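Notes follow once the structure below has been shown.
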Amino acid sequence: MFVDLRFNALKMLEMLRDKRIMFIGDSIQRGMFESMVCLVQSVIADGGDHTIKRVPPRKIFRIEEFNTSIEYYWAPFMVESISDHATNHTVMKRLVKLDSVENHRKLWQGVDILVFESYVWWMHKPFINATNWEWEGGIDGNCFNETQPVEGPYWGTGSNLEIMSILKDVIEKLKVNVRLLNITQLSEYRKDGHTSVYGERRGKLLTKEERSEPKTYADCIHWCLPGVPDTWNQLLYAILLQDYRNH
Ligand SMILES: *[C@@H]1O[C@H](CO)[C@@H](O)[C@H](O)[C@H]1NC(C)=O
Ligand SMILES: *[C@@H]1O[C@H](CO)[C@@H](O)[C@H](O)[C@H]1NC(C)=O
Ligand SMILES: *[C@@H]1O[C@H](CO)[C@@H](O)[C@H](O)[C@H]1NC(C)=O
Ligand SMILES: *[C@@H]1O[C@H](CO)[C@@H](O)[C@H](O)[C@H]1NC(C)=O
Ligand SMILES: *[C@@H]1O[C@H](CO)[C@@H](O)[C@H](O)[C@H]1NC(C)=O
């Protein structure tokens, strides 16, 4: 039977009725959370009972009419680390506690759908080499003023296929049902999709002066909304829909 897998906000909320979904990870994951909040806006009543609450390390979007919570949980490495404080955390020096999620676990418990992501795991130093050299050119050699995706075939060297396949093997051996949402390749193409000089730095929009220095200030890591994170959520939707129909 034909199943329409295209994102449908009402269907999404029906699937999430009486449920909690939590996006766990770093600031990239916050973008996915924000995208989901935006994607469902079109079908929740104006002036209805919905709120975003900041309860560090969480942000909680409640939609009363569906008894649904869409949540974000700051845990940049997923395991415990010295960067777990929601606002006061270090980027320059990272220490992780590899074998423990004990502190986080308490707040993950009881959540119906957990979505994990960690970009910072793949960073080698505070300075991020945003694969500019692979993008060939662009003004200032970064994502600033880029308007077209990378033309394939292309695989970013920052995305290690060997580690990815280890991850896949590990996930397949788990007793709990965990799926890998493989969004790496589709995202890597999108050098045009980053916030560039139009985003925030430490919670503040860039100043006019900073914006005029894209070489220093362009953010080629985070994503614009609407944009690439919506695609991640559309794929997540398709997976959830298949589960939903099978139960
Ligand atoms: C709302 O959802 C929670 C589970 O997330 C459930 O325990 C509770 O009974 C629901 N409330 C109502 C009024 O249905
Ligand atoms: C931030 O964390 C550091 C290290 O834990 C601490 O020394 C400092 O006082 C904290 N700053 C604020 C504003 O809480
Ligand atoms: C980024 O990484 C590439 C490949 O390792 C290297 O050739 C290039 O010099 C690096 N750029 C910077 C600014 O470090
Ligand atoms: C952005 O690129 C276009 C050409 O693609 C160019 O005309 C424009 O001047 C550039 N803008 C800036 C601010 O550099
Ligand atoms: C993820 O997708 C890429 C192609 O887009 C593929 O090369 C890679 O093997 C996939 N990884 C896993 C773990 O399936």
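Read the numbers this way: they start at 1 and go in the same order the structure lists the ligands and their atoms. All values derive from a computational prediction rather than experimental measurement. When a residue number appears, it is its place in the shown sequence, counting from 1.
Taking the six-membered ring where the residue is Trp, F7 and Y237 present tilted rings, their angle falling between 30° and 60°. Using the six-membered ring where Trp is involved, Y73 and H104 have ring planes that are perpendicular, over 60° apart on the 30 and 60° scheme.
Between the CG atom in L13 and the CD1 atom in I44 there is a gap of 7.0 Å [rounded to 0.5 Å]. Considering CZ of R179 and CG of L240, their distance stands at 8.0 Å, rounded to 0.5 Å.
Considering both main-chain and side-chain atoms, S165 never comes within under 3.5 Å of ligand 5 through any nitrogen or oxygen pair. Considering both main-chain and side-chain atoms, K19 never comes within under 3.5 Å of ligand 1 through any nitrogen or oxygen pair.
The main-chain N or O of K53 is never found under 3.5 Å from a side-chain atom of T51 such that the two would form a donor-acceptor pair. In this structure, the side chain of S118 engages the main chain of P76 through a donor-acceptor pair within 3.5 Å.
Contact annotation: L161 has at least one heavy atom less than 4.0 Å from an atom of ligand 5.
A side chain to side chain contact (heavy atoms under 4.5 Å, CB included) with F66 is found for one member of L10, D18, V40, V43 and no other, namely L10.
For L167, no heavy-atom contact with ligand 5 is shorter than 4.0 Å. Residue-level proximity to ligand 5 for K168 is carried by the side chain, the only part with a heavy atom below 4.0 angstrom.
Near L180, meaning under 4.0 Å from one of its heavy atoms, ligand 5 places the atoms 13 (C). Per-residue contacts place N67 under 4.0 angstrom from the following atoms of ligand 1 (heavy atoms of the residue considered): 1 (C), 2 (O), 3 (C), 8 (C), 10 (C), 11 (N), 12 (C), 14 (O). Listed by atom number, the atoms of ligand 5 under 4.0 Å from Q185 heavy atoms are 5 (O). Within ligand 5, the atoms closer than 4.0 Å to a non-hydrogen atom of N182 are 1 (C), 2 (O), 3 (C), 8 (C), 10 (C), 11 (N), 12 (C), 14 (O), numbered from 1 in the order shown.
Sorted by chain and number, the heavy-atom contacts of ligand 2 below 4.0 Å come from N88.
Aromatic ring centres of F116 and W108 lie closer together than 6.0 Å.
Look at E102 and R105 and you find a salt bridge, because one of the NZ, NE, NH1 or NH2 atoms lies within 4.0 Å of a carboxylate O, short of that distance.
Between D219 and H222, the side chains place a donor N or O and an acceptor N or O closer than 3.5 Å (distance only, hydrogens not considered).
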